[in-house]
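What follows is a set of notes on a single structure, which appears directly below.
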Amino acid sequence: MIELILSALAGFVAALLSSNGGNNFPPPLGREEEEMYFRKAKLEGDMKAREKLIEHNLRLVAHIVRKYYASHPSEEDLLSIGTIGLIKSVDSFNIENGARFATYAAKCIQNEILMYFRAQKKTMQEISLSETIDTDRDGNALTYEDIIKIDDTIADDIDAKIKLKKASEYIMKNLSEREREIIVLRYGLSGGRAKTQREVATKLGISRSYVSRIEKSALEKIKSAL
């Protein structure tokens, strides 16, 4: 049964990838729309909502496979394995934890692929981890060890972007004018050079200790918001 599922998923994802280089994947859902579909899927058992969540996150599977496993000879299989990880993430994600689904899904997809490699390793004990299985574009050897040890940063990248956007919105909407002014100057958020507390104090005509207190208070507020 699992082989049939993998085959079907591989065909579906590969077909999407082959058209326009994979650019025809449905676009990512907005935060509110995503939450709506999750509530329908979780609370009402709406299978169409579940399918919607899977379809609109297929590009994440393709992104991970292409970014980290482009040289692997069985890319189609990895797309299938990664899609299974995506499906598991849709079924297990808790919308109440405040995290963005893409961050959680990326980890699940990568974990599913790594589990696949580990299972292969167990069933092929005669193959050395240092054995060359492919070469990259520059002719460098690619081994099983290289694949298994790939350092995944996509989830961290996504999470960082989400937090940066949220922090920027909070700074503009919730901090007082003085707090916002100090944070912008201290961390160069307006595009200029980040300034020291003494430089900020001189520019605003206040004491350095006052700048320090305001900055600390503002950072605590931002940290709580995140």
Side-chain angles (χ1 to χ4, degrees), residues 23 25-43 49 52-53 56-68 82 85-86 89-90 92-111 114 149-226:
N23 292 326
F25 280 120
L29 297 169
R31 186 67 176 262
E32 292 183 1
E33 190 177 15
E34 186 176 80
E35 289 184 1
M36 176 193 72
Y37 282 122
F38 265 115
R39 293 189 186 283
K40 284 186 175 182
K42 300 284 186 180
L43 302 179
K52 203 81 171 176
L53 289 164
H56 283 264
N57 284 282
L58 280 173
R59 64 173 61 239
L60 184 57
V61 178
H63 176 79
I64 291 174
V65 171
R66 285 176 164 175
K67 182 175 182 180
Y68 298 113
L86 172 62
S89 69
V90 169
S92 60
F93 183 64
N94 179 8
I95 61 174
E96 304 299 337
N97 64 14
R100 190 65 193 267
F101 173 66
T103 305
Y104 178 76
K107 287 292 186 183
C108 291
I109 293 166
Q110 189 72 305
N111 286 342
L114 293 179
K149 288 187 175 181
I150 284 173
D151 184 20
D152 173 30
T153 63
I154 184 172
D156 294 332
D157 292 343
I158 294 172
D159 188 51
K161 289 180 180 178
I162 292 170
K163 287 182 177 178
L164 179 59
K165 181 180 179 182
K166 191 174 181 180
S168 298
E169 291 175 349
Y170 184 86
I171 290 170
M172 298 308 296
K173 294 179 181 179
N174 299 93
L175 293 185
S176 68
E177 183 177 352
R178 177 65 83 186
E179 289 172 330
R180 182 166 57 251
E181 192 173 25
I182 288 175
I183 291 297
V184 167
L185 289 172
R186 280 284 288 127
Y187 297 94
L189 300 184
S190 61
R193 177 181 63 85
K195 293 178 169 49
T196 65
Q197 289 184 347
R198 192 172 299 281
E199 288 174 324
V200 174
T202 300
K203 181 177 180 61
L204 300 181
I206 55 180
S207 69
R208 190 199 63 78
S209 60
Y210 184 53
V211 170
S212 178
R213 287 199 302 272
I214 295 298
E215 179 186 352
K216 182 178 179 180
S217 174
L219 290 177
E220 285 295 328
K221 291 178 180 179
I222 297 170
K223 181 179 178 181
S224 297
L226 296 180

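Hydrogens, waters and symmetry mates are skipped; everything else that's a heavy atom, side chains included, is used.
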Next on the checklist: Pair Lys52, Glu33 - check salt bridge (charged side-chain N to carboxylate O under 4.0 Å, His left out), show working.
Outcome noted: CA-CA 10 Å; Lys52 203 81 171 176; Glu33 190 177 15; over 6 Å; no

Checklist entry - Which atoms form the tightest heavy-atom contact between Ala105 and Leu86, and what is the distance? => result CB-CD1, 4.3 Å

Next on the checklist: Can you tell me how far apart OH (Tyr37) and CG (Leu53) are? Round to the nearest 0.5 Å.
Outcome noted: 8.0 Å

Item to check | Sole candidate of Thr196, Thr202, Val200 that passes side chain to side chain contact (heavy atoms under 4.5 Å, CB included) when paired with Val211 | outcome: Val200

Next on the checklist: Is there a side-chain contact (heavy atoms from CB on, under 4.5 Å) between Asn174 and Lys221? Walk through the geometry before answering.
Outcome noted: CA-CA 9 Å; Asn174 299 93; Lys221 291 178 180 179; over 6 Å; no

Next on the checklist: Is there a side-chain contact (heavy atoms from CB on, under 4.5 Å) between Gln197 and Arg186? Walk through the geometry before answering.
Outcome noted: CA-CA 7 Å; Gln197 289 184 347; Arg186 280 284 288 127; 3.5 Å; yes

Item to check | Residues Lys216, Glu179; criterion salt bridge (charged side-chain N to carboxylate O under 4.0 Å, His left out); working and verdict | outcome: CA-CA 10 Å; Lys216 182 178 179 180; Glu179 289 172 330; over 6 Å; no

Item to check | Heavy-atom neighbours of Lys40 NZ exceed 12 at 6.0 Å | outcome: no

Checklist entry - To the nearest 0.5 Å, how far apart are OG in Ser92 and NZ in Lys42? => result 6.5 Å

Checklist entry - How long is the span from the CD1 atom in Ile109 to the NE2 atom in His63, to the nearest 0.5 Å? => result 10.0 Å

Next on the checklist: Tell me whether Glu35 contacts the main-chain N or O of Glu32 through its side chain, where contact means a donor paired with an acceptor under 3.5 Å.
Outcome noted: no

Item to check | Euclidean distance, Leu175 CG relative to Ile182 CD1, rounded to 0.5 Å | outcome: 10.5 Å

Next on the checklist: Ignoring hydrogens, what is the shortest heavy-atom contact between Tyr104 and Ser89? Give both atom names and the distance.
Outcome noted: CE2-O, 3.5 Å

Next on the checklist: Quick check: do Leu29 and Phe101 have side-chain heavy atoms less than 4.5 Å from each other?
Outcome noted: no

Checklist entry - In terms of side-chain heavy atoms, does Ser217 have a donor or acceptor partner in Glu220 at a distance below 3.5 Å? => result no

Checklist entry - Leu185 versus Lys203: any side-chain heavy-atom pair under 4.5 Å? => result yes

Item to check | Aromatic ring pairing Phe38/Phe93, orientation class (parallel under 30°, perpendicular over 60°, tilted between) | outcome: tilted

Next on the checklist: Is a donor from one side chain sitting under 3.5 angstrom from an acceptor on the other, for Tyr187 and Glu215?
Outcome noted: yes

Checklist entry - Would you say the side-chain atoms of His56 pair up with the backbone N or O of Pro27, donor to acceptor, closer than 3.5 Å? => result yes

Checklist entry - Excluding sequence neighbours, so at least two apart, what forms salt bridge (charged side-chain N to carboxylate O under 4.0 Å, His left out) with Arg208? => result none

Checklist entry - With sequence neighbours excluded, what pairs up with Glu181 under the salt bridge (charged side-chain N to carboxylate O under 4.0 Å, His left out) test? => result Arg178

Checklist entry - Given Ile183 and Leu219, is the side-chain contact (heavy atoms from CB on, under 4.5 Å) satisfied, shown in steps? => result CA-CA 8 Å; Ile183 291 297; Leu219 290 177; 4.0 Å; yes

Item to check | Lys107 backbone acceptor or donor facing Gln110 side chain under 3.5 Å | outcome: no

